[in-house]
Amino acid sequence: MREMSTTYNPKQFEDRIYAEWMKEGCFRAEIDEQKIPFAMMMPPPNITGQLHMGHAMDETMQDTVARFKRMQGYSVLWLPGTDHASIATEVKIVDKMRQEGLSKEEVGREGFLKRAWEWKNNYGGRIVEQLKKLGSSCDWSRLAFTMDERCSAAVREAFFRLYKKGLVYRGSRMINWCPGCKTALSDAEVEYSEDAGSFWYFRYPVENSEEFITVATTRPETMLGDTAVAVHPEDKRFSALVGKTLRLPLTDRSIPVVADEYVDPEFGTGAVKITPAHDPNDYEVGKRHSLPMICVMNADGTMNERAGKFAGLDRYEARKRVVEEMKALGLLEKTEAHTHNVGHCYRCHAAVEPTVSEQWFVKMAPLAKPAIDAVVKNKTKFIPDRFAKIYFNWLENIRDWCISRQLWWGHRIPVWYCGGCGATICARETPAVCPECGSADLKQDEDVLDTWFSSALWPFSTLGWPEETKDFKYFYPTDVLVTGYDIIPFWVMRMMFSGIEHTGKVPFRDVLIHGLVRDEQGRKMSKSLGNGIDPLDVIDRYGADSLRLSLLTGVAPGNDTRYSDVKVEAARNFLNKVWNASRFVLMNLGDRKVPALFEIRLQPADRWIISRLMATIREVTLAMQKYELGIAADKVTDFVWNDFCDWYIELTKPALYGTDEERKDGALATLLYVLDNILRLLHPFAPFVTEEIYGCLPNSTGKIIRAEFPRYNSKLAYRKEAKAFEDIIELIKAVRAVKVSVGCPPARKVRLFLVTESKRLVNLNKGSVLRLAGASEIDYVENGAAIGEKTVSRVCDLGQMFIPLGELVDLEAERSRLSKELDRISAEISRAGGKLANNNFVSKAPARLVEEERAKLNKFLDMKKKVEQQLRELEET
RNA sequence: GGGGGCGUAGCUCAGUUGGUUAGAGCGCUUGCUUGACAUGCAAGAGGUCGCAGAUUCGAGUUCUGCCGUUCCCACCA
């Protein structure tokens, strides 16, 4: 037996234990036809990422589920991996090169990719190492990367299939352009925020007239690309002007006035400048009226040559200059403050510029439909199910997905253009010559795919799809996906339609959604606020188990939670408790060989704690099966601390320190049995400390990670006996309370007199009652009068308890307590009485409840009599 | 504009399908170095479950409206 220190010190064993698990291959998933598979894909963290609290929570939940299922006998695959994070990584590499005075263009595509891979090889594994600190029991032998050979082949295959089906196409459309990252973005990658801006009212003169139309705009620089002004068809104010031509100031162009339903006559001036190349709505108007599209900006957000003298200026500088010039021309009518929603890049936060550009798209309508149906038909379930609404909301309103990115780090689009015949060729592997004309003059598309295109395939690309691998056949579809609600549109939804499209099956049966980990004040943790808390630092201070437990307890599925050191401390204190309780058991056990639990005559207290254990096992198992991890953790904690430590351990002390060897054996066997079960119940939540203690148990074989999760055994439920024993606990509590109430020093032993019909039960537990209640002896009497001394008394389920207290005591306190008690009892009597007087209740409520209510009423009536009697006796003294 | 979440003890939050006297942790009060643990033990105080209705024998829990707060989506240029 290993020596245990007096306090729980996780640093002494966490790293060692993780190494042992790894060495023994405890996390490896085996294809075992005798077992039921349970598969879970880790949401791959970005290779640029550092472990943050969000990861910690996500990983903890997954690991808890994985360990639980593994202990239940499933063949568990928890597959880890990382994401190449196209934009994020590229930005990082570009920044690094800038520090060296280099640019992408200078090093070229090849040189850039070489640097990126180097960076990935050096730093991409950092987060993986950090995950290990948390105790993650994922199968590292299957570690995947979205750009490894397997996943890349899957990406090409998926693209190829979609292309052949016409579900991926190339076209010129309005997309979100990030001038910071210089690439197109998907709709999901745009974040909107309320920005303070202005509303400028510009006058556009009507040609050959003194008249003008006033339009209002928040983006003056786009006027250089205006190709019309639109008014509502029924707006009388402008009906005479429809069809006329306006002179577009600051340019040499003329633009028409068109009528379109899109315009809201109530808003602004009722006339809208139309810039089809730089606004999604204007784009639609432009299409309806066959207006030309004039793009006035470059990729980096500066104005291009179409902007005339503003060419070369940054868009915001151009905005200022346009306003100034309009003002100088007397065409600025007024300026108003105006806040409006502006889209920003989710990576670099630059304001997104809606632009028309040629990109690759995935046709969404045919893919969205089956993905919606799958959730409607419950083939995949969201937990909690309200998140299905977010999912539906996205899929029902989805536009085609822009998947091409003007970046270099990522999966290059598997499309080639023939210089000979102009054919477009999509192929899984690089073609040598053009299949149409035989020309070798082929050029691959320059763009890469959206990072999420490869993530969308994650549940099956990692298993070797499109190959029918053993892993794929055994583990797919996966069982559960654990992730935060913030990436439902980015990822969950896309895995769903991709899985259904490519494999014919939903990629997972359950989606367990969790919330965000916020800071102590409820703010989002973020780099810019500097309020992020490093999980590794917390692990260093408190241990991984404490962090894990603190992230799971008191959290409802899907709800945000706040991180605080205080919570981690509470978890640490609990684990210290577990540690010391274990130490207590093992110290008292020493080298003694105790018989098995079933060979011993158990005492009421033993049966009580075993009964409580069984109830706990059942509740915890049920909660875990429903993914209610917080409830499960609460139930275990409650049982361990309150039932096992505060009661049972104390109850065993008379036996342990006594001379009755049989009772000692019984207590030790029970302590050991319950402790063993506690460790296994707790292992999914606190894997390290339970493994460490388990290794110290005399009867343990092998690692707890491979042990079986406790099973409910109805033979050990001892319902009635446990219920009876609760009366002993109540008695002890009553004595303690009386002593405190009357100011009796705790060390002073009191004599107990009992009026009870359960003498046998009390006698069986006499040692415990005396010790825990702080009493010297117990006498049985027929009634209070037979004692012949002044007493203070309590009514309890066992009967009535009397304590003679002599002159030392504060009887006034007891008197006031009793009258308060009387008030409470009276309130209960009128409540229960009222209920029972209600005919509707008696006739409609379940008989069981009516019976219970009746029993309660009788009990309180009896109590009332006794308490009144006590009160009278006290008045007399 | 549409859709969620949250509102329960001083604070942070649980509360599974409606059914004992609404819970936990922290904090607070009082007392305790009781041979595992002061990272502890015991006994307490503290709540008209946001407001108003409705359904029901019975509502923290279901429905409607409102107030506060927060998030997501859409968006009027």
Side-chain angles (χ1 to χ4, degrees), chain A residues 4 6-8 192 199 215-219 222 230 262-264 266-269 271-275 279-282 285 338 340-341 384 386-387 389-390 392-394 397 485-486 488-489 515-516 520 522 524 542 546 550 553-556 558-562 564 566-567 569-588 619 622-623 626 628 630-631 634 637-638 645-646 649-650 653 656-657 733 736-741 743 745-747 771-772 774 824 827-828 831-832 835 838-846 848-850 852-853 855-856 860:
Chain A
M4 291 181 77
T6 53
T7 51
Y8 160 64
Y192 289 87
F199 224 0
V215 295
T217 181
T218 55
R219 296 192 302 158
T222 63
Y262 155 71
V263 180
D264 175 2
E266 306 294 315
F267 189 79
T269 62
V272 188
K273 63 189 267 313
I274 299 297
T275 323
D279 182 277
N281 292 306
D282 293 8
V285 175
H338 183 70
H340 59 143
N341 244 350
R386 65 183 136 93
F387 289 102
K389 283 194 184 172
I390 296 184
F392 289 139
N393 190 32
W394 269 93
N397 302 303
Y485 58 71
D486 50 331
I488 291 173
L516 269 36
E520 226 156 345
K524 231 171 175 169
Y542 298 100
S546 300
S550 75
T553 46
V555 180
N559 282 7
D560 289 354
T561 179
R562 299 186 191 199
S564 84
V566 173
K567 284 186 196 172
E569 235 165 75
R572 191 269 321 265
N573 293 352
F574 169 68
L575 294 174
N576 183 64
K577 192 78 181 170
V578 173
W579 181 265
N580 273 291
S582 308
R583 213 161 63 85
F584 173 83
V585 175
L586 294 173
M587 275 169 57
N588 281 287
E619 289 169 340
L622 231 63
K626 289 190 278 183
E628 286 168 348
I631 291 176
D634 268 355
T637 309
D638 183 58
C645 294
D646 287 348
I649 283 186
E650 296 305 322
K653 283 179 179 174
L656 294 181
Y657 303 149
K733 286 184 144 186
R736 285 171 174 173
V738 166
K739 287 178 71 175
V740 169
S741 159
R771 181 185 177 93
L772 300 197
R824 190 184 67 88
E828 287 302 327
R831 189 196 54 79
K835 249 182 164 176
N838 182 343
N839 252 336
N840 282 323
F841 174 73
V842 178
S843 60
K844 291 188 184 173
R848 180 181 57 85
L849 285 171
V850 178
E852 273 174 26
E853 211 55 51
K856 243 184 287 175
F860 284 122

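The chains referred to below are lettered A, B, ... by the order of the sequence lines, with proteins before strands, and numbering in each begins at 1.
- Base pairing of B:rG1 is made with B:rC73, judged by Watson-Crick or G-U wobble geometry with both donor-acceptor distances under 3.5 Å.
- Residues forming a ring pair (Phe, Tyr, Trp, His ring centres under 6.0 Å) with A:Phe841 (at least two apart in sequence, or on another chain): none.
- Using modelled atom types, one finds no donor on one side chain facing an acceptor on the other under 3.5 Å when comparing A:Tyr657 with A:Asn588.
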Quiz item: What string of B, S and - do you get for nucleotides 8-15 of chain B 5' to 3' if you count protein non-hydrogen atoms under 4.0 Å?
Solution: ----SSSS
Would you list the protein and nucleotides 38-43 of chain B atom pairs, both N or O, that sit under 3.5 Å from each other?
{"residue": "B:rU39", "atom": "O4'", "partner": "A:Asn573", "partner atom": "OD1", "Å": "3.0"}
{"residue": "B:rU39", "atom": "O2'", "partner": "A:Asn576", "partner atom": "ND2", "Å": "2.7"}
{"residue": "B:rU39", "atom": "O2", "partner": "A:Arg572", "partner atom": "NE", "Å": "3.2"}
{"residue": "B:rG40", "atom": "OP1", "partner": "A:Asn573", "partner atom": "ND2", "Å": "3.3"}
{"residue": "B:rG40", "atom": "O3'", "partner": "A:Lys577", "partner atom": "NZ", "Å": "2.9"}
{"residue": "B:rC41", "atom": "OP1", "partner": "A:Lys577", "partner atom": "NZ", "Å": "2.9"}
{"residue": "B:rC41", "atom": "OP1", "partner": "A:Trp641", "partner atom": "NE1", "Å": "2.7"}
{"residue": "B:rC41", "atom": "OP1", "partner": "A:Asp646", "partner atom": "OD1", "Å": "3.1"}
{"residue": "B:rA42", "atom": "O3'", "partner": "A:Arg736", "partner atom": "NH1", "Å": "3.4"}

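- Considering only residues two or more places apart in sequence or on other chains, A:Glu828 meets the salt bridge (Lys or Arg N to Asp or Glu O under 4.0 Å) condition with A:Arg831.
- A:Phe387 comes within contact range of no nucleotide atom at all, as no heavy-atom separation falls under 4.0 Å.
- Under the side chain to side chain contact (heavy atoms under 4.5 Å, CB included) criterion, A:Lys273 pairs with A:Tyr204, A:Val215, A:Thr217, A:Thr222, A:Met223, A:Asp226, A:Thr275, not counting sequence neighbours.
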Anything under 3.5 Å between a protein N or O and an N or O of nucleotides 56-65 of chain B, put it in a table, one pair a line.
{"residue": "B:rC57", "atom": "OP1", "partner": "A:Lys844", "partner atom": "NZ", "Å": "2.1"}
{"residue": "B:rC57", "atom": "O2'", "partner": "A:Asn838", "partner atom": "ND2", "Å": "3.0"}

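- In this structure, A:Tyr542 reaches neither bases nor backbone, as no heavy-atom distance under 4.0 Å exists between it and the strands shown.
- In the set B:rG19, B:rU16, B:rG31, B:rG31 carries the atom at the smallest distance from any side-chain atom of A:Pro746.
- Pair assignment for B:rC13: B:rG23, on the basis of Watson-Crick or G-U wobble contacts that are both within less than 3.5 Å.
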